[in-house]
Trainee: 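Following this message is one structure expressed as structure tokens.
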Amino acid sequence: MPAPAVDAFGLLGLAPRFDVDAAQLERAFFERSKELHPDRFATRPVAERVAALSKSRALNDAYQLLKREVTRAEYLLAHEGLTIGDNERIDPALVMELLEEREVLAEARAKGDLPRIEQLCESMRARRRAALDQVKTLFGAAEALTDEPRKAQLADIKRQLILLRYVERYLEECDAALDEE
Amino acid sequence: MLLQISEPGASPVKEGCKPRVVGIDLGTTNSLVAHVEDSSPIVLGGEGGPLVPSVVHYAKDGSIIVGRPAQAHALASPRDTLASVKRLIGRGAKDLAGIRGMLPYELVGDDRAVRVRVVGSREVSPVEVSAEVLKELKARAEAALGGPIEGAVITVPAYFDDAQRQATRDAGRLAGLEVMRLLAEPTAAALAYGLDRGSVGTYAVFDLGGGTFDVSILKLVDGVFEVKATGGDSALGGDDLDRAIATAVLQEAGVAVTSGDASRPIIAAAVGEARRVKEALSDSDAAIFRVAGAVTGGVAIERTIKRAELAAWAQPLLDRCGKACRRVLKDAELTRDQLDGVILVGGSTRSPVVREFVATLFDKQPLSDLDPEQVVALGAAVQADVLAGGQQNVTLLDVIPLSLGIEMMGGIAEKLIHRNTTIPTGATQTFTTYADNQTGFDIHVLQGERETADACRSLARFTLRGIPPMIAGMARLEVTFLIDADGLLQVMAKELTTGKESSIEVKPSYGLSDEEVERMLMESFEFAEEDLARRNLAVERIEAERILQATRQAFVTDAAILVPEVRAAGEAAMTRLEAAMTGDDHLAIRHAIEALDLATKPFAQIRMNRAVGAQLHGVSLEDAAKKVGA
């Protein structure tokens, strides 16, 4: 997902950090929505209506981006000049392991073994949770760092995020498998 | 240059005094209109109560009858009496393959849009039929409010896709309404509840209507109504239960039911009786299903139906609802225990069978203190008032129900915007060429959750041309999707590396073209001042003029072949037609025209034979036909 042209955190009146309180984020979003939603401008002149529509769109997109931890983390890293491409490499052993796990899921799916699918997905969700906790810890620690140590820390976060991409893809397959029920 | 298809957000409401605006629930079975008065919404009544059956009858004389009077024709002429047309709107033949055989109508049209053939040869689109229902509601509202309606919010099932929404909007325009907003039905219901009850918290709205099922999860807090997730099935409703009951009872009675014979009187009668029995079972544990032998052609059916049997027949349909509910909870990342309540919407939720199902599914007693058949219109009226500058303490945050994307190489659907994204929204993605020297991009816009393009709904196709030849992977095509507050989509595309400007026009690949809508609008304006009888009268008088003139001319030019008896009969018929034209009964004129046709038939026959003869001698049939004034 591309970053909105305007700073997402700024739009919601929040400091740009990973550790965001979900309730606070939602409150900020609701408050800004009340001011910016196009419905508020339905009887205003065209120029104001068009401006409200585009501001509201930017606000919604910013909220969508920050609400999910993975996209929030990617967005923060992008601001540090670290983007995640389509062909990022991680530890080959880990890649093999993840691919094998996907095969296991595919087998369960082929057999229509729902309990097994549930079980596999649950363990992958736990893994996702652990990776995100790790990201949070790393971001927290990075705040106190500068220069090379900070760069190293951010590179660690990037590795976690690449891993999370694999995990998310796996979970998408889980959703598709469970939808078939 | 980026392609700008239309400027969104334009609203018709004038500044200054408070405009006359309404909310309309355009339902599968019934429709109604509501209005905000003194900051609370009320439904506008009319003859026979506020509900207008969404039924349109096309009579042989060309007149159009809407609502309860139209229902009276359903049994005698099922093919010309259109009900549940909401199931057809914005749909193509392929979409309707599943239910086609169960509808008594003659459907024509392609995979983009179907039409219904009525009174023999007339083809009407579902958009036109819906517009007739909307016109009736508009007329009611104007009568009740004492002046023209300046704007309307029309509700649609949350799960309607872009094509169905566009078609509904077209129907509004065709009815002469300024459509201020299309609003999701469950969202409208939540709005009415939130304001009426001051509810705060997270609610599920279970909306089972005649032909559509929606389930939405909303968070209501401090004047904000946020839709967290929505789901459903836009082809599932009470109609399906009626058919299930009818089919079961008929089969049991030894009447074979195959798809495609829904127009048979016995099927129509059984479905109607099934609906009555279903409704009766809301208040009692058993009801008698009765179809007279006169209707069935011999077999009289009489049988007691118990509520438990109804429950068994409903189960497969309710299971589909249950699946959609589980999915929407998952999308909202909630469990049922985290919900503060469940709101019932739609006529089908009156049934205790449905209520018990919902109570078990969500593990809580559902709310229905606002009339499930009125609550959607009430909410729409509130939103209309908000948009007209009335109440300012309400902000609605709605979502798109289905993901939007484009087709990639190999027929893969790539999603640009995922379902349940808050609107208005937008997304941009860059694509590249796959072949050397490719000078055009085919862009195929899709909607749906499936992974392949052919399993998704095709919304539009266009080609971006004029890209200079480059090796594969060099060109950079930036595709931008923008969704406005109605959930309607605009697509823009530009090629980045060359900076070469290209403009494209996206035409929706469904429903009516803009020209068609414009033409029909012009027609409706033309006749807006006249009532239907006057319109028919005008049409018949013009037709009568034409025929009189043609006949008189033919009597002169072909006097040689005119037999005296035919001349006498023809002249008498012309005199009667002239007399009829001075009156204002369009049917009398029609009959006199037909009588004249009949009287001069032998003469016309000879002339036609001559014309065909002339054709063989080198005169074109077209010329010959023109000469005989055919």
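Order of the sequence lines fixes the chain letters, A, B, ..., with proteins taken first and strands second; residue numbering starts at 1 for each chain. FYI, side chains are in, hydrogens and waters are out, and symmetry mates aren't considered; it's all heavy atoms of this structure.
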Trainee: Counting only heavy atoms not in A:Lys67, do more than 12 fall under 6.0 Å of its NZ?
Mentor: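 More than 12 within 6.0 Å, yes.
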Trainee: Which atoms form the tightest heavy-atom contact between B:Ala485 and A:Leu53, and what is the distance?
Mentor: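 Closest heavy-atom pair between B:Ala485 and A:Leu53: N-CD1, 4.4 Å.
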Trainee: Sort B:Ile483 into side chain, backbone, both or neither according to what part of it lies under 4.5 angstrom from a heavy atom of chain A.
Mentor: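 The backbone, not the side chain.
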Trainee: Given heavy-atom pairs under 4.5 angstrom as the criterion, report whether the side chain, backbone, both or neither of A:Phe41 touches chain B.
Mentor: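 For A:Phe41, neither part sits under 4.5 Å from chain B.
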Trainee: More than 12 heavy atoms of other residues, nucleotides or ligands under 6.0 Å from NZ of B:Lys228: yes or no?
Mentor: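 Yes, enclosed.
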Trainee: Counting only non-hydrogen atoms closer than 4.5 Å, does B:Glu449 touch chain A with its backbone (N, CA, C, O), its side chain (CB onward), both, or neither?
Mentor: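 No part of B:Glu449 comes within 4.5 Å of chain A.
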Trainee: Against chain A, label B:Asp222 side chain, backbone, both or neither, depending on which of its atoms sit under 4.5 Å from a heavy atom there.
Mentor: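 For B:Asp222, backbone and side chain are both near chain A.
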Trainee: Is there a side-chain contact between A:Arg27 and B:Val221, using heavy atoms and a 4.5 Å cut-off?
Mentor: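 No; the side chains remain at least 4.5 Å from each other.
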Trainee: Using a strict cut-off of less than 4.0 Å between a Lys/Arg side-chain nitrogen and an Asp/Glu carboxylate oxygen, indicate whether B:Glu333 and A:Arg125 qualify as a salt bridge.
Mentor: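 Result for this pair is no, no salt bridge flagged.
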Trainee: With a 3.5 Å distance limit and no angle check, can you tell me whether A:Lys34 reaches the backbone of B:Gly223 through a side-chain donor-acceptor pair?
Mentor: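 No, because the side chain of A:Lys34 does not come within donor-acceptor range (under 3.5 Å) of the backbone of B:Gly223.
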Trainee: Evaluate the side-chain proximity of A:Arg57 to B:Leu482: yes if any heavy-atom separation is below 4.5 Å, no if none is.
Mentor: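 Yes, side chains in contact.
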Trainee: Identify the heavy atoms of A:Asp175 and B:Lys330 that sit nearest to each other, and give their distance.
Mentor: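 Looking at all heavy atoms of both residues, the shortest contact is OD1-NZ, 3.3 Å.
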Trainee: Are the side chains of B:Lys219 and A:Glu26 in touch, meaning some heavy atoms are under 4.5 Å apart?
Mentor: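 With C-beta onward as the side chain, the pair touches.
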Trainee: Return the minimal non-hydrogen interatomic distance between B:Leu397 and A:His37, and the atom names on each side.
Mentor: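 That would be CD2-CD2, 3.6 Å.
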Trainee: In Å, rounded to the nearest 0.5 Å, how long is the span from CG of A:Asn60 to CG of B:Asp398?
Mentor: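 The CG atom of A:Asn60 sits 11.0 Å away from the CG atom of B:Asp398.
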